[in-house]
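In what follows, a structure is listed as structure tokens, so that the remarks can point back to it.
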Amino acid sequence: MVGGVSNKRRNEAVEEDVLRLRDWLDKQPHLPHDVEHEILLAFVIGTKSLEIAKRKLDAYFSNRNRSAKLYDEISRDVNAQFRERSKATNQFFLTNPTPEGYRVYFITLNDCFNKAFDHPHDGTRMLMMMELMMKKWPENNGIYLVIDCAGVPSSLITMFSPTTLAAILNCFQEGYPMKKRGNISFNAPPFVELVVNTLFKPVMKAKMYERVKVVSEGASFLKQFMPLEMLPSNYGGNDKSVAELNEEWLNMLEENREWFLRSTRQASDEEKRPPDSQNTYGMAGTFRKLAVD
């Protein structure tokens, strides 16, 4: 009974903070106001304080201008062309979370990766997947990014656009609220670590980079972070196959096509941004530390 009361109080505190965040948002002339409850809830739960939630929410909408190529309607329109450009990789969330409540974002490479990989598209797709995760599971406790590097070509370093990579990581680190529990690449040839150190490390926050693991071991390495039975059936787990999960998430993206097109237009209007020399966005003294882990 005590636990039930505690959970009730926690839920009430979270909902109160969502209302506070919406009240702040409604007072910002440069930001969109028609934001779903689930998205605001994800920002509240995924950050340590309302001040951080506010800052990330501002960046979430501002990045639609700063990284326009990742957010334009053509790139985010889930149609036949979108599916065709998605053939290089399989991207999906595992059906079940870890025992700690963390979601696992899984990526594998297809045989056509060398010819079909489209870095800007895959970056846009990844950001869309993160947004759909917030909408579907706003109360998640964090995520693991897991990549099976089997089949990765030695020309990988030439397949990335440094400017696109920097934009993707900036959006992910600054504008998305989910806690990053780890970035794990397994079945990785030795040159993958060189690619990570050369391209990723310079644009990653130190805390995030410390959680990057690049190993030559197979999927058994993941048992340090999650039960192996939650993996796809291709890896001996109890989840659906990689192909099934990839198709399932592509279908979910398509089912939310109109939502993505509408949310793409939810960008900040920088001409209406008020002066904010103290970085308080007009809300000094109203933020409090969240009593949420």
*Side chains of Thr264 and Asp72: do they bring a donor and an acceptor to under 3.5 Å?*
no
*asked:* Determine whether Ser62 and Arg273 satisfy the following criterion, side chain to side chain contact (heavy atoms under 4.5 Å, CB included), listing intermediate values before the conclusion.
replied: CA-CA 10 Å; Ser62 299; Arg273 181 183 291 275; 3.0 Å; yes
*Identify whether Leu19 and Leu21 are in the same connected component of the hydrophobic contact network (ILVMFWY, side-chain heavy atoms under 4.5 Å).*
no
*Going by the ring pair (Phe, Tyr, Trp, His ring centres under 6.0 Å) test, which pairs reach into residues 67-87, not counting sequence neighbours?*
Phe82-His121
*NE2-CG distance between His30 and Asp58, expressed to the nearest 0.5 angstrom*: 4.0 Å
*Looking at Lys87 and Glu84, does any basic side-chain N land under 4.0 Å from a carboxylate oxygen?*
yes
_Residue pair Glu36 / Trp259, side-chain donor-acceptor N/O under 3.5 Å_ = yes
*Answer with yes or no whether the side chains of Glu51 and Ser49 bring together a donor and an acceptor at under 3.5 Å.*
no
Under 3.5 Å, which donor-acceptor pairs link side chains of residues 184-195 to any protein atom two or more places apart or in another chain?
residue: Asn187; atom: ND2; partner: Asp148; partner atom: OD1; Å: 2.9

*Between Tyr105 and Tyr144, is the ring centre distance below 6.0 Å?*
no
*asked:* List the residues meeting side chain to side chain donor-acceptor pair (under 3.5 Å) with Asp269, not counting sequence neighbours, and say none if there are none.
replied: none
*Check the side chains of Thr47 and Arg55 for a donor-acceptor pair under 3.5 angstrom, ignoring hydrogens and angles.*
no
*Centroid-centroid distance, Tyr60 to Phe43, less than 6.0 Å*: yes
*Report the C-alpha separation of Phe93 and Phe106 in whole Å, then their side-chain angles, then the decisive distance to 0.1 Å, and conclude whether the ring-ring contact (aromatic ring centres under 6.0 Å, His included) test is met.*
CA-CA 6 Å; Phe93 283 93; Phe106 213 96; over 10 Å; no
*Taking only residues at least two apart or on different chains, which pairs with a member in residues 244-257 satisfy side chain to side chain donor-acceptor pair (under 3.5 Å)?*
Asp77-Arg257, Arg83-Glu247, Arg83-Asn251, Arg83-Glu254, Asn90-Asn246, Arg125-Asn246, Lys135-Asn256, Lys240-Glu248, Ser241-Glu244
*Using a strict cut-off of less than 4.0 Å between a Lys/Arg side-chain nitrogen and an Asp/Glu carboxylate oxygen, indicate whether Arg181 and Glu100 qualify as a salt bridge.*
no
*For the hydrophobic clusters of this structure (ILVMFWY residues joined by side-chain heavy atoms under 4.5 Å, transitively), does one cluster hold both Ile143 and Ile52?*
no
*How many angstroms lie between atom CG of Leu109 and atom CZ of Phe113, to the nearest 0.5 angstrom?*
4.5 Å
_Looking at Arg262 and Glu73, is any side-chain nitrogen of the basic one under 4.0 Å from a carboxylate oxygen of the acidic one?_
no
*For Glu15, all residues meeting side chain to side chain donor-acceptor pair (under 3.5 Å), sequence neighbours excluded*: His37
*Examine distances only and state if a side-chain atom of Thr158 and a backbone atom of Ser155 form a donor-acceptor pair shorter than 3.5 Å.*
yes
Side chains of residues 199-224: which donor-acceptor pairs under 3.5 Å do they make with residues two or more places apart or in other chains?
residue: Lys205; atom: NZ; partner: Glu174; partner atom: OE2; Å: 3.3
residue: Tyr209; atom: OH; partner: Asn197; partner atom: OD1; Å: 2.1
residue: Arg211; atom: NH1; partner: Lys180; partner atom: O; Å: 2.5

